[in-house]
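A quick note: this is a predicted structure, and the numbers were derived from the prediction, not measured. Proteins get letters first, then strands, A, B, ... in listed order; numbering begins at 1 in each.
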There are 2 protein chains.
Amino acid sequence: MNSTHIELRHLRLLQALSEAGGVTAAAERLHLTQSAVSHQLKALEAALGLPLVERAARPAQLTAAGRRLLALAHAALPQVDAALRDLSKLRDGDAGELRIAVECHTCYDWLMPAMDSYRDVWPAVELDLLGGFQADPIALLLEQQADLVVTSDPTPRAGVTYVPLFGFEMLALLPPGHALAAKKWLLPRDFAGHTLITYPVPEDRLDLVRRVLAPAGIKPPRREAQLTVAILQLVASRRGLAALPAWAVAPYLERGYVVARPIGKHGLWAELHVALRSADAGRAYLADFIDTVRRDSFARLPGIRPLAGGG
Amino acid sequence: MNSTHIELRHLRLLQALSEAGGVTAAAERLHLTQSAVSHQLKALEAALGLPLVERAARPAQLTAAGRRLLALAHAALPQVDAALRDLSKLRDGDAGELRIAVECHTCYDWLMPAMDSYRDVWPAVELDLLGGFQADPIALLLEQQADLVVTSDPTPRAGVTYVPLFGFEMLALLPPGHALAAKKWLLPRDFAGHTLITYPVPEDRLDLVRRVLAPAGIKPPRREAQLTVAILQLVASRRGLAALPAWAVAPYLERGYVVARPIGKHGLWAELHVALRSADAGRAYLADFIDTVRRDSFARLPGIRPLAGGG
DNA sequence: CCATTACATGAACAGTACTCATATCGAACT
DNA sequence: AGTTCGATATGAGTACTGTTCATGTAATGG
């Protein structure tokens, strides 16, 4: 009979599987254990009487049946999400104000496209991006001057809720042909004697300085630049080294404009979170914005990874 | 958050609810108890934070939120079903032979349109309708001369599986203005002294005779006609009484061509089942045909009701 | 007004989807 | 080869959620 017990959960699983390229990675996205995904997949295959993924292939390859189900997922899940959005609007109204403060300079790159696709779905929400560097953006939240803050520092504060966005790697940038490019990864001492090119922010807000160089007692001279391209240009013209998120430099790496190396054996990983007033946590248009941003990020940004408790 | 735990089950529930017009009727369609549907509905409404049905309204009226979810169901569920069909085809192949024997004359009326919509979905299946009256159509199954038999008599036989289609009421037909039309329902003795107009089948295949008149010792004279319209014509011209399925005469009743009355206080209810070789029970193109027929019947035929174990 | 029908509710049960712990597998590296 | 490491599979146990059963309550119609 066709009473095959298929559910949206299964479609979400298959989608995550194909996007993540493996059971373990898919499990993270779904906030499940690897075991759960493995079991669920097996059960689904048994119920359908068809294999869905080519076992032993990295990244996981879907079978014809798997691809057919994935097509269903791509067709149906957006419809479901749209319906749930509409229901949220019915429940909470469809208007609101959404002022966003951003701590990190490179975030504008991916925030803008996410905002665009969000606007399509919540046209009545007033979107605003707060400009300039903020010393304490969380304060803006509590003073009701911002509704959402993108930050890399989720220190608990009363009345503030943090939602994890993603983890990303900070890469050290060298000019092509630099002597350090011979190394697989860089150590703190490798930075000694080089100028560090950064955005114009206090030193204690630079992950590289705070977490790597300062603990090792290394204090290289700094030079500041406002724009990402300016930093890259300075590196390329051998004025110093820089450290930027992997996603921000990926296009320049491809063109060989600069060279990137991990910082430390396992790389220097940072996180981004969204902060909002706990009182607003229930607002659908806010929650959906975070959702949109995250979805958009994972679709667009290379080399990012999910965080515990995140999406 | 939008992680609202909605599932296809819920969409199926809402669809059944709107089609059936009530919790109890929906439960029957879904092969669940009324309690299960009630619980599920309540849980869904709680999860969404929105009422979905207007309590206290017959037939059940959906709220705006309910209608939005129903729209989702109508959009998504056919896609799901199509995908499952495609998977069946991947598993079992998409071709097959489907020869149908029909026991009941009036069945052609609704079988034809169902066959048409089935052909759209399984174009490679060879569809055949066996003509003429069959004394023992089940024998045709076992002799491999038919693959599917529509019958009202699901007596267990080795190697044969029965799938319930639906229950329907046999209505007694009178000419307009007939004396018996004054009664709310007819009793066996009311048939005494009237000619009984029937299809040309043995008496023991007529539910009215076998289950009502014969037990009461009443043996009215019979007159046979091949076509439904002919029977109706004879009744209208006062040559006798007849008993036909409610759905078959509904259009004629509307036009006042004949008058119908239940047979007995609770009416004379009969059933239709599909018989197939147990060996074929797993074949997707067969199972899906039965599904199509049933879906089609419930959508098109007035006054039929689901059977235990049926769809 | 009582009988009937439809829906709601609570407790108990059953089935299922998880997690945890452990085993197996395959590839890369000595 | 053997070893190590990452990724997937498997089994047992658990927590949870969906379902049923039994009963209560609210409307409906003769």
Side-chain angles (χ1 to χ4, degrees), chain A residues 3-14 16-48 51-63 66 184 265-267 269 305-306 308-309, chain B residues 3-14 16-48 51-63 66 183-185 262 265-267 269 303 305-306 308-309:
Chain A
S3 62
T4 311
H5 184 88
I6 191 177
E7 284 295 348
L8 289 179
R9 166 167 24 101
H10 297 127
L11 299 185
R12 298 218 144 89
L13 176 116
L14 218 72
L17 200 75
S18 96
E19 282 174 14
V23 172
T24 308
E28 267 181 342
R29 291 196 179 210
L30 300 167
H31 310 301
L32 290 174
T33 60
Q34 170 269 323
S35 177
V37 173
S38 185
H39 277 296
Q40 204 173 94
L41 183 62
K42 193 187 172 187
L44 183 59
E45 288 181 323
L48 296 172
L52 295 174
V53 309
E54 214 66 73
R55 344 293 284 192
R58 220 117 333 229
Q61 190 76 19
L62 295 185
T63 64
K184 278 203 101 113
K265 180 168 184 181
H266 301 291
W269 283 82
R305 66 184 186 193
Chain B
S3 61
T4 310
H5 182 86
I6 191 176
E7 284 295 349
L8 290 179
R9 169 166 23 101
H10 300 301
L11 299 185
R12 296 219 147 89
L13 175 113
L14 217 72
L17 198 72
S18 96
E19 282 175 14
V23 173
T24 308
E28 267 182 343
R29 292 196 179 209
L30 299 167
H31 309 302
L32 291 174
T33 59
Q34 170 268 323
S35 178
V37 173
S38 186
H39 278 296
Q40 207 172 92
L41 183 63
K42 193 186 172 187
L44 182 59
E45 287 182 322
L48 295 172
L52 294 174
V53 309
E54 213 67 72
R55 345 294 283 192
R58 222 123 328 241
Q61 190 75 19
L62 295 184
T63 65
K183 309 191 63 171
K184 281 209 98 119
W185 63 80
K265 179 167 185 182
H266 303 290
W269 285 82
R305 67 183 187 194

[X] [atom1] to [N] [atom2], straight-line distance once rounded to whole Å:
| X | N | atom1 | atom2 | value |
| --- | --- | --- | --- | --- |
| A:Glu54 | D:dT8 | CD | P | 14 Å |
| B:Leu41 | C:dT9 | CG | C1' | 14 Å |
| A:Gln61 | D:dT8 | CD | P | 14 Å |
| A:Leu17 | D:dA9 | CG | C1' | 14 Å |

Notebook entry, point to check: Tell me, which pairs form a salt bridge (Lys or Arg N to Asp or Glu O under 4.0 Å) where one or both residues lie in residues 35-45 of chain A, sequence neighbours left out?
Noted result: A:Glu45-A:Arg55

Margin query: Going by side-chain contact (heavy atoms from CB on, under 4.5 Å), name the residues that satisfy it together with A:Ala36, two or more places apart in sequence or in a different chain.
Written below: A:Leu32, A:Thr33

Respond yes when some side-chain nitrogen or oxygen of [X] is under 4.0 Å from OP1 or OP2 of [N], and no when none is.
| X | N | answer |
| --- | --- | --- |
| B:Ser38 | C:dA8 | yes |
| B:Lys42 | C:dT9 | yes |
| B:Thr24 | C:dC7 | yes |

Margin query: So for atom CD, which belongs to A:Gln61, do other residues, nucleotides or ligands contribute more than 12 heavy atoms lying within a distance under 6.0 Å?
Written below: no

Item checked: Whether B:Glu7 side chain and A:Leu8 backbone form a donor-acceptor pair below 3.5 Å -> yes

Margin query: I'd like to know if the side chain of A:Gln34 and the backbone of A:Val23 have a donor-acceptor N/O pair within less than 3.5 Å.
Written below: no

Check: Roughly how far apart are A:Leu17 CG and A:Gln40 CD, rounded to 0.5 Å?
Finding: 10.5 Å

Note to self: Treating primed atoms plus P, OP1 and OP2 as sugar-phosphate and everything else as base, which nucleotides of nucleotides 14-21 of chain C get B, S or - for protein heavy atoms under 4.0 Å?
What the structure shows: ---SSBB-

